[in-house]
> 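Just passing along the structure, written as structure tokens.
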Amino acid sequence: MRPNPLRDPRDRRIPRLAGPCVLVLFGVTGDLATKKLLPAIYDLANRGLLPPGFSLVGFARRDWADPEFVQITHDAVKAHARTPFREDVWSQLAEGIRFVSGEFGDDAAFDQLALTVAELDAERGTGGNYAFYLSIPPNAFPVVVRQLKRSGLSQPSPSEPGHPWRRVVIEKPFGHDLASARELNAMLDAVFPPSAVFRIDHYLGKETVQNLLAMRFSNTLFEPIWNRGYVDHVQITMAEDIGIGGRAGYYDGIGAARDVIQNHLLQLLALTAMEEPLSFAAEALRAEKEKVLAAVQIPADLAAGTARGQYGAGWQGGIPVRGFLDENGIPADSATETYAALRLTIDNRRWAGVPFYLRTGKRLPTRMTEIAVIFQRAPHLPFDATDTRELGQNALVIRVQPDEGITLRFGSKVPGSAMEVRDVNMDFAYGESFTESSPEAYERLLLDVLIGDPPLFPRQEEVELSWKILDPIEDFWANHDKPEQYPAGTAGPESADALLARDGRAWRRL
């Protein structure tokens, strides 16, 4: 597609628009498609970011005709879209919706898929540009990718005009250890060039995560103190108040560390600790993240530097809930952790000696994801001890979800005749500071896929470095006692509190 000669790329008033294309969505019957992907597609169209000829093809085992899939998409949009429903937008989007029924191993179904997208090229001018979103279990990736190659869908024909593109999107987990991640990459490399592979980590699409980079590198206020000279430690938390729900088949044997720490939390660590990139282009941004991940050191004593737990029966929101071992589909002797905490360090000049504490868990008191940069105490306090008994450490907290924003904690004098100091908060919230609501993470990431903009997608080198950090910890856990039990609705196992207490620190309250 030729660039618009009337558009100056420096003009930020004009949004980025996707060109003509077809999005083929595998796994359209799953929760991710219903609650996130299909609504995000509509929201992009409603914001005017998709071209009139954009088309969507669903692929699943269900015996649906096109009108049935259109109705299912309509219902998902009405239930979960973040923008108002507009009949004219929906009508235009619905005209390009198709459905192909079949099994992943069915050659005829993929031949029909190839015929369907070719018809859309002719009917709607999509130009042979196809993105394949694999919202399916990881064990199905190889057969689908092989089918895309066999049916001729993975690579455009040299005779096709206009240099059409093909892209594939895969959801985490990117393997279950370093060896399987490399196998997955080799399988993808055999069919798609690296530039055509998009590994989605939806946390990287969140506005607050991107604002972390804007905050650090667009302001002179923070960068001079963003180092070992001023930072005492960093806490990165992803807490969930739900159990595993219906995910027993996936979750058992995977656990909290593989499910969350290997991707979400290590990516947040890399963005927090990275040096300033030359630009926000994909290569520059990824290079700085990889330097951080390569410098991460795990504890020498893994028993003291890690903690893991498993939620038991308890109370959540005033309702009694069952423990992990009593969930449907979970073996009574399962050693899978639902809570994991690590103490990591970064072996470089900026962060030497500064611990990064990562924790994630299910059935915790609240749903919350945040990055908390805790600063060192002032070296000299000319106050009596009683004057500062309510004074803690300065902290900068980036709230990723659900209340997106940033809080700065610092000491201030209490009004009155005495010199009494206590902590106060200065708060920035997205919902209060901007009239436009931030887009859902999948909106941003889907648009980036269709445009071909990869900065927010981790590449294979980052995936492998993350597994190199986690694999030794998983091996240690596999050869030691089962996870410690903690009651549902509490803040996690006692061993997690002991992990920080050994360093004279404490977790932020959930």
Side-chain angles (χ1 to χ4, degrees), residues 18-30 32-34 36-42 44-45 50-51 53-62 64-66 68-70 72-73 76-77 93-138 140-157 160 164-171 188 191-193 196-200 442-443 445-452 457:
C21 59
V22 179
L23 176 62
V24 180
L25 181 53
F26 294 91
V28 291
T29 58
L32 178 63
T34 302
K36 296 292 185 182
L37 300 179
L38 296 176
I41 291 166
Y42 168 81
L44 287 172
L50 297 182
F54 170 84
S55 298
L56 170 68
V57 178
F59 188 104
R61 290 178 294 180
R62 304 295 173 85
W64 292 337
D66 290 347
E68 291 175 278
F69 181 52
V70 170
I72 287 163
T73 304
V77 167
L93 187 63
E95 289 176 3
I97 296 179
R98 304 288 187 273
F99 184 77
V100 175
S101 176
E103 302 275 353
F104 295 150
D106 184 358
D107 290 358
F110 277 80
D111 292 340
Q112 179 60 43
L113 176 61
L115 180 62
T116 300
V117 295
E119 290 172 350
L120 288 170
D121 288 341
E123 294 172 12
R124 297 180 59 80
T126 46
N129 300 312
Y130 310 146
F132 305 101
Y133 197 118
L134 275 55
S135 178
I136 57 178
F141 289 168
V143 64
V144 171
V145 170
R146 285 195 297 268
Q147 286 282 23
L148 293 175
K149 181 178 182 179
R150 184 205 60 79
S151 58
L153 285 166
S154 62
Q155 298 291 339
S157 168
E160 290 187 61
W165 49 258
R166 306 284 196 269
R167 295 172 189 141
V168 63
V169 184
I170 60 173
E171 280 276 351
L188 292 168
V191 179
F192 292 93
V197 178
F198 288 72
R199 299 171 182 83
I200 275 204
Y442 278 101
E443 284 184 56
L445 295 173
L446 279 172
L447 183 61
D448 284 350
V449 169
L450 301 180
I451 291 174
F457 298 82

> Do you know which two heavy atoms are closest between Pro39 and Val77, and how far apart they sit?
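Looks like CA-CG2, 4.4 Å.
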
> Do Ile72 and Thr29 have side chains that get closer than 4.5 Å, going by heavy atoms?
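A side-chain contact is absent here, since even the closest heavy-atom pair is not under 4.5 Å.
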
> Phe69: what forms a ring pair (Phe, Tyr, Trp, His ring centres under 6.0 Å) with it, not counting sequence neighbours?
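Once residues adjacent in sequence are excluded, the partners of Phe69 under the ring pair (Phe, Tyr, Trp, His ring centres under 6.0 Å) criterion are Phe99.
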
> Identify, with sequence neighbours excluded, every residue that meets side-chain contact (heavy atoms from CB on, under 4.5 Å) alongside Ala65.
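If we apply the side-chain contact (heavy atoms from CB on, under 4.5 Å) test to Ala65, skipping adjacent residues, the hits are Pro67, Glu68.
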
> Nearest 0.5 Å please: distance from the CZ atom of Phe110 over to the CZ atom of Arg146.
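Taking CZ in Phe110 and CZ in Arg146, the distance rounds to 11.0 Å.
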
> Is the shortest side-chain heavy-atom distance between Phe192 and Val145 below 4.5 Å?
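They are in side-chain contact.
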
> Answer yes or no: is there a donor N or O on one side and an acceptor on the other, between the side chain of Arg62 and the main chain of Phe59, under 3.5 Å?
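No.
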
> If I compare all heavy atoms of Arg98 with all of Asp66, which pair ends up nearest, and what's the gap?
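In this case the closest contact between Arg98 and Asp66 is CD-OD2, 3.4 Å.
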
> Can you confirm whether Leu23 sits close enough to Leu446 that some side-chain heavy atom of one is under 4.5 Å from a side-chain heavy atom of the other?
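In contact.
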
> Just wondering, do Thr73 and Ile41 contact through their side chains at under 4.5 Å, heavy atoms?
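No; the side chains remain at least 4.5 Å from each other.
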
> Please check if the side chain of Glu103 supplies one atom and the backbone of Arg61 the other of a donor-acceptor pair under 3.5 Å.
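Side chain of Glu103 to backbone of Arg61: no pair is present.
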
> Could you state the interatomic distance from CG (Leu56) to CG (Leu120), rounded to the nearest 0.5 Å?
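One gets 9.5 Å once the value is rounded to the nearest 0.5 Å.
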
> Indicate the atoms forming the closest heavy-atom contact of Ala60 with Val28, along with that distance.
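Of all heavy-atom pairs spanning Ala60 and Val28, the closest is CB-CG2, 3.8 Å.
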
> Going by ring pair (Phe, Tyr, Trp, His ring centres under 6.0 Å), name the residues that satisfy it together with Phe104, two or more places apart in sequence or in a different chain.
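So Phe104 forms no ring pair (Phe, Tyr, Trp, His ring centres under 6.0 Å) with any residue.
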
> For the side chain of Arg166 and the backbone of Ala196, is there at least one donor-acceptor N/O pair under 3.5 Å apart?
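No; judged by distance alone, with no hydrogens or angles, the pair does not exist.
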
> What closest approach, in Å, do Ile200 and Tyr442 show between heavy atoms, and which atom pair accounts for it?
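For Ile200 versus Tyr442, the nearest heavy atoms are CG2-CE2, 4.0 Å.
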
> If you measure from CG on Leu44 to CG on Leu50, what distance do you get to the nearest 0.5 Å?
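That separation rounds to 5.0 Å.
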
> Might you work through the side chain to side chain contact (heavy atoms under 4.5 Å, CB included) test for Ile170 and Leu188, ending with a clear yes or no?
CA-CA 10 Å; Ile170 60 173; Leu188 292 168; 3.7 Å; yes

> Looking only at non-hydrogen atoms, find the nearest pair between Gly127 and Pro164 and report the distance.
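Scanning both residues completely, I find the closest heavy atoms to be O-CB, 3.3 Å.
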
> Gln112: which residues meet the side-chain contact (heavy atoms from CB on, under 4.5 Å) condition with it, sequence neighbours left out?
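Partners of Gln112 under the side-chain contact (heavy atoms from CB on, under 4.5 Å) test: Val100, Leu115, Thr116.
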
> Cys21 and Thr126: which non-hydrogen atoms are nearest, and at how many Å?
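Taking every non-hydrogen atom into account, O-CG2, 3.4 Å.
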
> Using side-chain contact (heavy atoms from CB on, under 4.5 Å) as the criterion, list what pairs up with Val117, not counting sequence neighbours.
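In terms of side-chain contact (heavy atoms from CB on, under 4.5 Å), with neighbours along the sequence ignored, Val117 is linked to Val22, Val24, Val57, Leu113, Tyr130, Leu153.
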
> Once rounded to the nearest 0.5 Å, what's the spacing between atom CG of Asp106 and atom OG of Ser101?
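Those atoms lie 8.5 Å apart.
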
> So, the side chain of Arg124 versus the backbone of Phe54: is there a donor-acceptor pair under 3.5 Å, distance only?
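Yes; at least one donor-acceptor contact below 3.5 Å.
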
> Do the side chain of Arg150 and the main chain of Asp107 share a donor and acceptor less than 3.5 angstrom apart?
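Yes, because the side chain of Arg150 sits within donor-acceptor range (under 3.5 Å) of the backbone of Asp107.
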
> Report the residues that fulfil side-chain contact (heavy atoms from CB on, under 4.5 Å) with Ser135, sequence neighbours left out, ordered by chain and then residue number.
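side-chain contact (heavy atoms from CB on, under 4.5 Å) check on Ser135 returns Leu25, Leu32, Leu37, Tyr133.
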
